[in-house]
Amino acid sequence: MQIIGSTIRVSRERAGLTQEELAELGQVSVRTIRDLESGRGNIGIRPLSQLTQVLGLTIEIKPTV
C-alpha cells in the first residue's frame, strides 16, 4: 500500500492539489487521503478508481506467478 500512497502523493503534488482538494474531487474523506499517503490506510477499488481518475492515473492489475 505504500507504493500506491506515495504515487498518489507525488501525483497530487504535481497537480498542485492539497489533500483537502483531492479528497473533495475524489469524493473521499481527507482522512482517507492522509492515511493512504502515509502508508497506513487501506482503500477500496471504487475510491481508488475515483482518485486515479482525478489525477490522470491508471490502475493495472497483474497476475502474480
Exercise for the section: Could you check I3, I4, V10 and say which one makes a side-chain contact (heavy atoms from CB on, under 4.5 Å) with T7? Expected result: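 The residue from I3, I4, V10 that satisfies side-chain contact (heavy atoms from CB on, under 4.5 Å) with T7 turns out to be I3.
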Handout entry: Separation of T32 OG1 from L51 CG (nearest 0.5 Å)
Key =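 Atom-to-atom, L51:CG and T32:OG1 are 8.5 Å apart.
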Problem - More than 12 heavy atoms from other groups under 6.0 Å of CD on Q19 - result: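 It does: Q19 CD has more than 12 such atoms within range.
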Practice task
Could you list all the side chain to side chain donor-acceptor pair (under 3.5 Å) pairs where at least one residue sits in residues 48-65, not counting sequence neighbours?
Solution key: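 Listed by first then second residue: Q27-Q50.
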Handout entry: Contacts of E21 that satisfy salt bridge (charged side-chain N to carboxylate O under 4.0 Å, His left out) - sequence neighbours left out
Key =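 E21 satisfies salt bridge (charged side-chain N to carboxylate O under 4.0 Å, His left out) with no residue once adjacent residues are dropped.
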Problem - Rounded distance (nearest 0.5 Å) linking atom CD1 of I61 with atom CD1 of I59 - result: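 Here the interatomic distance stands at 7.0 Å.
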Handout entry: CG-CD1 distance between L48 and I8, expressed to the nearest 0.5 angstrom
Key = 6.0 Å
Exercise for the section: Calculate, to the nearest 0.5 Å, the distance between atoms CG and CG belonging to L25 and L17 respectively. Expected result: 6.0 Å
Fill in the blank from the handout: Paired with L22, the side-chain contact (heavy atoms from CB on, under 4.5 Å) test is passed by just one of V30, V54, V28, L36, namely V54
Exercise for the section: To the nearest 0.5 Å, tell me how far E37 CD sits from I33 CD1. Expected result: 6.5 Å
